[in-house]
Amino acid sequence: MKNKELAVLFDRIADALDIKGEQAFKVLAYRRAARILDEMTDDVARIAAAGKLEDIPGIGSGIAKKIGEYLATGEMQKYKEALSDIPPGLLTLLDIQTLGAKTIKLMHDELGVASLSDLKKVIADGRLAALRGMGDKKVENIRKGIELFEKASQRVSIWAALRVAASLIDHLKESGLVDRIEAAGSLRRMKETVGDIDILVCAKKSGGKDGARIIERFTRAPGVKRVLAAGATKASVMVATEDGERQVDLRLVDRSSYGAALQYFTGSKAHNIKLRSMAKDKGLKISEYGVFKGERKIAGAAEEEVYATLGLAWVPPEMREDRGEVELALARRLPAILDYGDIKGDLHVHSDASDGTLTLREIADLGLRMGYSYIAICDHSQSVKYARGLSPDRLRRQMKEIDALNRSLKPKRFRLLKGTEVDILADGSLDFPGSLLKELDFVVAAIHSGFKKNVTERILKAMENPYVKVIAHPTGRLISGREGYDVDIEKVIAGAKRTGKALELNAYYDRLDLDEFNCKRARELGIKISIGTDCHAASGLEMMRLGVGIARRAWLRKGDIIRL
DNA sequence: GCCGTTTTCGGCCCGACTGTTTTCAGTCG
């Protein structure tokens with residue numbers, strides 16, 4: 001599929017035109033096209049062949065023609081033309097906060113800045129500060145922007161971000177001054193990676209000094225390394241996380257605006273723009289303070305109200321990406337996506353028999369506390385030596401143990417499932433014989449070695465086995481803390497479709513295998529998804545939330561996942 | 001560049017903040 005390639009091209013064209021000072025709306029049009037292509041699960045070539053490109057909202061005749069040209073020739077005239085007089089190093093400067101296209105163009109035209117190192121030079125020798133419109137403070141901000149860019153250009157994994165947000169929220173709640181508080185932004189939308197963390201707070205007593213106290217407490221919270229700004233309604237700090245420092249913004253809002261602010265700061269940007277332009281058509285105006293008809297505020301306290309004023313059903317945060325959800329909300333036809341409470345169990349957990357840390361009893365206790373009905377124990381098989389994989393004998397002993405434990409758990413309406421994460425060996429055969437697999441409740445198959453040897457073919461062969469229900473690590477992104485493997489996901493998806501096997505959405509830390517994109521494609525093809533944490537420790541069971549979040553972003557319904 | 005049961009031309013989301021100005025441009029979320 002050329003979708004992603006084309007997305008990159010259009011994004012670079014947008015960058016180049018932006019720096020050249022082309023009309024902002026033209027730049028926006030290219031960016032929108034890039035985003036559409038990046039997220040599209042259909043093959044753009046197929047749509048182009050059917051002559052349906054212009055049916056996609058946001059793709060008009062101009063961009064359709066350029067797509068056609070690229071598909072036919074492998075080249076795009078507009079791309080060459082746009083990039084011809086732009087040094088490649090200049091485009092990366094757009095990623096520096098406090099530095100935008102206009103300033104970059106000015107620096108390039110006046111000082112010949114063509115790269116990050118050029119920029120550092122003109123800051124050091126004072127030539128940048130001498131430019132018109134520039135001053136010491138602006139230069140200082142750019143310098144700070146560069147520092148931030150070099151230190152924290154990576155987006156942090158959602159799990160680390162969730163933990164940072166939770167600890168700050170708890171810290172603020174302990175003050176007793178807080179009425180409502182929650183994380184907004186991409187964290188609330190459950191994006192796999194998060195840039196900044198946004199927290200929204202509403203004081204119990206508005207108008208008094210409580211707001212100032214909350215801001216004060218925030219800037220002195222544990223983990224805060226630096227305060228970037230602290231005003232009456234907003235504060236920004238840098239907080240230490242597992243993978244470096246991260247910016248956290250706190251916004252203090254009025255109770256009457258809480259819903260509007262939550263909606264606004266949750267985004268995404270594209271979703272919000274669509275809402276606002278709809279509002280405008282209706283003679284309304286939406287801002288973070290509320291929905292206004294002329295001077296009069298007609299909604300704002302609750303998010304539902306904001307959507308209702310536009311005639312829309314409330315949209316789950318995970319769907320707010322302008323991928324058609326607004327139109328469906330208008331038609332009252334939003335799909336009933338999987339809910340966090342729909343999860344009745346975890347379908348991939350390791351015990352201390354292999355490389356986990358928990359006993360069967362501890363896992364059962366945790367499962368009960370999570371409100372589950374079942375957990376599948378899927379320890380490694382014998383060949384996975386580094387993870388103390390179970391021999392057939394040890395697995396049979398574990399099965400007896402589980403049977404015994406289940407008898408005592410019966411009154412609690414909870415059971416452990418007898419399972420395995422059976423290894424797919426170098427020749428594509430499985431690490432246990434069928435006679436053993438047959439005795440198990442749940443068989444997950446996965447590759448753990450020979451990452452460079454015919455991975456795709458081995459997975460396809462394993463899919464032919466009648467006892468295998470699920471393929472784990474289908475995209476091979478990361479596995480047991482090791483490097484991932486290269487797999488032809490197209491073939492794996494086709495294989496799952498053909499054999500009726502499920503693919504695992506694995507949520508342990510940053511592994512999230514499947515990712516959102518392939519999860520969505522699998523759903524569209526009617527392939528079942530199995531959600532398991534693949535966890536090895538107590539905290540890991542809670543990571544189910546990440547898996548469900550990704551599933552919701554992919555619009556999975558209850559019926560799309562395996563439930564026992 | 002895209003889009004249109006008020007438009008095939010003239011629109012295209014909104015507000016805050018900052019720093020540099022002397023009324024506003026640039027940037028961000």
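In the text below, chain A, chain B and the rest are named by the order of the sequence lines, each starting its count at 1.
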Grab the [atom1]-[atom2] distance between [X] and [N] for me, whole Å please.
X         : N       : atom1 : atom2 : value
Asp281(A) : dC3(B)  : CG    : P     : 15 Å
Ile59(A)  : dG1(B)  : CD1   : P     : 13 Å
Lys285(A) : dC12(B) : NZ    : P     : 14 Å
Lys78(A)  : dC2(B)  : NZ    : P     : 11 Å
Asp18(A)  : dG1(B)  : CG    : P     : 15 Å
Leu17(A)  : dG1(B)  : CG    : C1'   : 10 Å
Gln263(A) : dC13(B) : CD    : P     : 15 Å
Lys280(A) : dG15(B) : NZ    : C1'   : 14 Å

What interatomic distance, in whole Å, is found between [atom1] of [M] and the corresponding atom of [N]?
N       : M       : atom1 : result
dT8(B)  : dG1(B)  : C1'   : 15 Å
dT22(B) : dG29(B) : P     : 28 Å
dC12(B) : dT7(B)  : C1'   : 13 Å
dT21(B) : dG26(B) : P     : 13 Å
dT20(B) : dA25(B) : P     : 16 Å
dA16(B) : dG4(B)  : C1'   : 32 Å
dC13(B) : dC2(B)  : P     : 16 Å

Can you name the one residue among Leu172(A), Ile214(A), Val201(A) that meets side-chain contact (heavy atoms from CB on, under 4.5 Å) with Leu177(A)?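 With Leu177(A) as partner, Leu172(A), Ile214(A), Val201(A) yield a single side-chain contact (heavy atoms from CB on, under 4.5 Å), made by Ile214(A).
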Using the rule side-chain contact (heavy atoms from CB on, under 4.5 Å), only one of Glu321(A), Glu325(A), Met319(A), Arg189(A) pairs with His271(A); which is it?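 Filter result, single survivor: Glu325(A).
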With syn defined as a glycosidic angle within 90° of 0 and anti as the rest, where does dT22(B) land?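 What dT22(B) shows is an anti base, its glycosidic angle lying more than 90° from 0.
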Look at all strands and tell whether Lys65(A) reaches a base, only sugar-phosphate, or nothing, counting heavy atoms closer than 4.0 Å.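 Since no nucleic acid heavy atom lies under 4.0 Å of Lys65(A), the category is nothing.
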Using a cut-off of 4.0 Å on non-hydrogen atoms, how would the nucleic acid contact of Gly231(A) be classed: base, sugar-phosphate, or nothing?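 No contact.
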Mate of dT8(B) where both pairing distances stay under 3.5 Å, Watson-Crick or G-U: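 Matched dT8(B) with nothing under the 3.5 Å cut-off.
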With a 4.0 Å cut-off on N to O distance, would you call Glu542(A) and Arg163(A) a salt bridge?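 No salt bridge links Glu542(A) with Arg163(A).
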I'd like to compare against my own output: the B/S/- annotation of nucleotides 19-29 of chain B with a strict under-4.0 Å heavy-atom distance to protein. SSS----SSSB
Test applied, salt bridge (charged side-chain N to carboxylate O under 4.0 Å, His left out); reference residue, Asp179(A); option that passes from Lys205(A), Arg255(A), Lys173(A):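 The single option meeting the salt bridge (charged side-chain N to carboxylate O under 4.0 Å, His left out) with Asp179(A) is Arg255(A).
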Reference residue Arg553(A); test salt bridge (charged side-chain N to carboxylate O under 4.0 Å, His left out); the match among Glu192(A), Glu516(A), Glu318(A):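 For Arg553(A), the salt bridge (charged side-chain N to carboxylate O under 4.0 Å, His left out) check succeeds only for Glu516(A).
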Quick one, Arg31(A) with Asp11(A), criterion salt bridge (charged side-chain N to carboxylate O under 4.0 Å, His left out). Give me CA distance, side-chain angles, the key distance, then yes/no. CA-CA 6 Å; Arg31(A) 290 215 192 282; Asp11(A) 222 21; 3.3 Å; yes
From the options dC2(B), dC13(B), dG15(B), select the nucleotide whose nearest atom is closest to the side chain of Tyr289(A).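 Nearest nucleotide to the side chain: dG15(B).
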Proximal nucleotide (of dC13(B), dG1(B), dG15(B)) relative to the Ile63(A) side chain: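 Closest nucleotide among those given: dG1(B).
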Which pairs, with at least one residue in residues 71-83 of chain A and sequence neighbours excluded, count as a salt bridge (charged side-chain N to carboxylate O under 4.0 Å, His left out)?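 The answer is Glu75(A)-Lys80(A).
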Would you mind listing every salt bridge (charged side-chain N to carboxylate O under 4.0 Å, His left out) that reaches into residues 85-95 of chain A, with sequence neighbours excluded?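 Listed once each, the pairs are Lys20(A)-Asp85(A).
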